[in-house]
Protein chains: 2
Amino acid sequence: MQDYNFLSAELKRVLKEKKLKYTLQREVVLRALFSHTGHHSPEELLQLIREGYPEVNIGIATLYRTLALFEEAGLAESISFGKDGKRYEIGHKHHHDHLVCIECNKIIEFHDEVIERRQLEVVREFNFKMLNHTMNIIGICSECQKKSKEK
Amino acid sequence: MQDYNFLSAELKRVLKEKKLKYTLQREVVLRALFSHTGHHSPEELLQLIREGYPEVNIGIATLYRTLALFEEAGLAESISFGKDGKRYEIGHKHHHDHLVCIECNKIIEFHDEVIERRQLEVVREFNFKMLNHTMNIIGICSECQKKSKEK
DNA sequence: GTGCTTGCAAATGGTTTGCATAAGG
DNA sequence: CCTTATGCAAACCATTTGCAAGCAC
């Protein structure tokens with residue numbers, strides 16, 4: 001998943017499978033997600049694309065449509081908490097959870113096997129078919145804690 | 001927390017502490033949350049209040065303001081996933097997580113000590129100050145799985 | 001009385017949609 | 001060609017806000 005070529009091939013595979021078309025816009029959105037790790041809002045991504053690929057014309061509606069498509073295809077993942085809409089990041093092999101700092105809005109990712117395994121057990125117990133899961137821990141990161149002490 | 005009187009007293013305590021006023025609207029919102037267990041959207045709650053307490057006049061803006069206040073005070077909790085806004089429920093002693101069925105929109109609550117403890121460890125590891133956390137497992141509940149088999 | 005509250009309506013802001021045009025297959 | 005995509009602007013919808021009037025204290 002480190003390799004952009006792999007992602008691009010994956011995009012083409014998905015599009016073919018769904019009988020959708022390979023377009024410059026879709027390519028560029030994927031490229032933007034790939035080259036800017038982190039969690040971006042659609043607006044931010046639009047900005048990044050317009051800066052990085054000024055020759056490509058893309059509207060916000062197309063971006064939204066593309067992000068929804070990517071998420072469904074597993075090429076991207078979204079996180080949303082409270083208002084302020086969703087943020088997207090490139091799809092990962094491993095599921096991960098988030099620590100969200102309410103002061104600086106930083107998002108720290110973590111992956112914990114104990115939690116993952118336990119989730120599977122819970123799901124089995126309820127005879128529930130898990131399609132996805134999200135875990136967000138809201139709080140204050142260590143840096144912001146320091147900052148507020150300094151005040 | 002089973003007792004409404006306790007909740008009502010808690011509301012009054014919170015209001016006094018914050019130098020806010022005790023109003024009929026706030027009382028009625030709490031009452032509605034208490035008497036209708038489950039996860040309700042603000043619109044639904046407004047409906048429930050207008051049906052259950054037709055003598056009380058309340059606007060949607062007040063409801064939103066009240067729900068935000070309650071959440072901050074721990075009297076209510078919210079869950080939000082994807083679009084379709086937040087849903088509120090009365091505050092619980094024990095934190096719990098959710099299994100959300102994408103077919104019938106049912107929300108099943110569960111509490112798992114293994115996961116809770118592990119979260120604390122993760123948080124400590126990152127030197128993160130946890131204020132809240134949410135875990136939602138999205139999928140299809142056992143009943144909806146049966147239904148789709150029948151088709 | 002003073003200041004918090006409320007209802008109403010208007011504003012907001014993220015996201016979606018309708019539609020005519022453009023372009024992939 | 002036929003079908004899916006796109007950009008634009010308008011539409012949506014949950015939520016927030018400004019404000020004058022209404023209450024709690």
Side-chain angles (χ1 to χ4, degrees), chain A residues 8 11-32 39-50 53-73 75-76 78-88 105, chain B residues 8 11-32 39-50 53-73 75-76 78-88 105:
Chain A
S8 184
L11 170 61
K12 286 172 186 162
R13 193 189 63 70
V14 167
L15 292 176
K16 189 163 290 179
E17 184 181 289
K18 298 192 179 221
K19 296 190 206 263
L20 301 178
K21 292 169 181 174
Y22 174 79
T23 65
L24 200 48
Q25 283 81 353
R26 284 171 177 163
E27 177 70 30
V28 160
V29 171
L30 187 65
R31 220 174 260 277
H39 305 74
H40 306 286
S41 68
E43 286 298 343
E44 280 169 14
L45 284 168
L46 190 67
Q47 202 51 39
L48 288 171
I49 291 168
R50 288 190 170 154
Y53 312 89
E55 71 283 7
V56 178
N57 190 22
I58 183 170
I60 187 78
T62 298
L63 216 212
Y64 273 99
R65 288 185 277 232
T66 303
L67 289 171
L69 169 66
F70 283 8
E71 181 162 28
E72 202 188 307
L75 288 165
S78 76
I79 172 177
S80 69
F81 41 103
K83 48 187 193 128
D84 297 342
K86 289 188 185 176
R87 296 188 153 265
Y88 289 85
N105 288 317
Chain B
S8 183
L11 170 61
K12 285 172 187 161
R13 192 189 64 70
V14 167
L15 292 176
K16 190 163 289 178
E17 184 180 291
K18 299 193 178 220
K19 296 193 206 266
L20 301 178
K21 291 170 183 172
Y22 173 80
T23 65
L24 200 48
Q25 282 82 352
R26 285 170 177 164
E27 176 70 31
V28 160
V29 172
L30 187 65
R31 219 175 260 277
H39 305 75
H40 307 287
S41 67
E43 285 297 343
E44 279 169 13
L45 284 168
L46 190 67
Q47 202 52 39
L48 288 170
I49 291 168
R50 288 190 169 153
Y53 312 90
E55 72 283 8
V56 179
N57 192 22
I58 183 170
I60 188 76
T62 299
L63 182 54
Y64 273 99
R65 289 186 275 234
T66 303
L67 289 171
L69 169 66
F70 283 9
E71 181 161 28
E72 201 188 308
L75 288 165
S78 76
I79 172 179
S80 70
F81 40 104
K83 45 180 195 138
D84 296 345
K86 289 188 183 175
R87 296 188 153 265
Y88 289 86
N105 288 315

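In what follows, every chain begins at residue 1, and chains take the letters A, B, ... in the order their sequences are listed.
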Taking only side-chain nitrogens and oxygens of T23(A), does any of them come within less than 4.0 Å of OP1 or OP2 of dT6(D)?
yes
How close or far is atom C1' of dT6(D) from atom CD1 of I49(A), stated in whole angstroms?
14 Å
Tell whether K19(A) reaches the base of dT4(D) with its side chain through a donor-acceptor pair below 3.5 angstrom.
no
Residues that K12(A) engages under side-chain contact (heavy atoms from CB on, under 4.5 Å), provided they are two or more places apart
S8(A), Y22(A)
Expressed as a whole number of angstroms, how long is the span from L46(B):CG to dT15(D):C1'?
14 Å
Side-chain heavy atoms of V56(B) within contact of E27(B), under 4.5 Å:
no
Side chains of L67(B) and K86(B) in contact at under 4.5 Å (non-hydrogen atoms)
no
Under 4.0 Å: is that the gap between some side-chain N or O of Q25(B) and OP1 or OP2 of dC23(D)?
no
Output, in order, the C-alpha distance, side-chain angles, deciding distance and verdict of side chain to side chain contact (heavy atoms under 4.5 Å, CB included) for Q47(A) and H40(A).
CA-CA 10 Å; Q47(A) 202 51 39; H40(A) 306 286; over 6 Å; no
Let's see if you get this right: which residues in residues 55-71 of chain B place a heavy atom under 4.0 Å from DNA chain C?
N57(B), I58(B), G59(B), A61(B), T62(B), R65(B)
What's the CG-C1' distance between L20(B) and dC23(D), to the nearest Å?
14 Å
Separation of Q47(B) atom CD from dA14(D) atom P, in whole Å?
14 Å
If you go through the side-chain atoms of K86(A), does one of them form a donor-acceptor pair with the base of dG14(C) closer than 3.5 Å?
no
In sequence, state the C-alpha distance, the side-chain angles, and the governing distance for T66(B) and I58(B), and then conclude on side chain to side chain contact (heavy atoms under 4.5 Å, CB included).
CA-CA 11 Å; T66(B) 303; I58(B) 183 170; 5.5 Å; no
Please give, in whole Å, the distance from dC4(C) P to K21(B) NZ?
7 Å
Euclidean distance, atom NZ of residue K16(A) to atom P of dG24(C) [Å, nearest integer]
15 Å
With a 4.5 Å cut-off on side-chain heavy atoms, are L15(B) and L69(B) touching?
yes
Nucleotide dG13(C), atom C1' - distance to CD of E43(A) in whole Å
9 Å
Atom CD1 of I79(B) to atom P of dA14(D): distance rounded to whole Å?
17 Å
Polar contact flag, side-chain donor to acceptor under 3.5 angstrom, Q25(B)-T62(B):
no
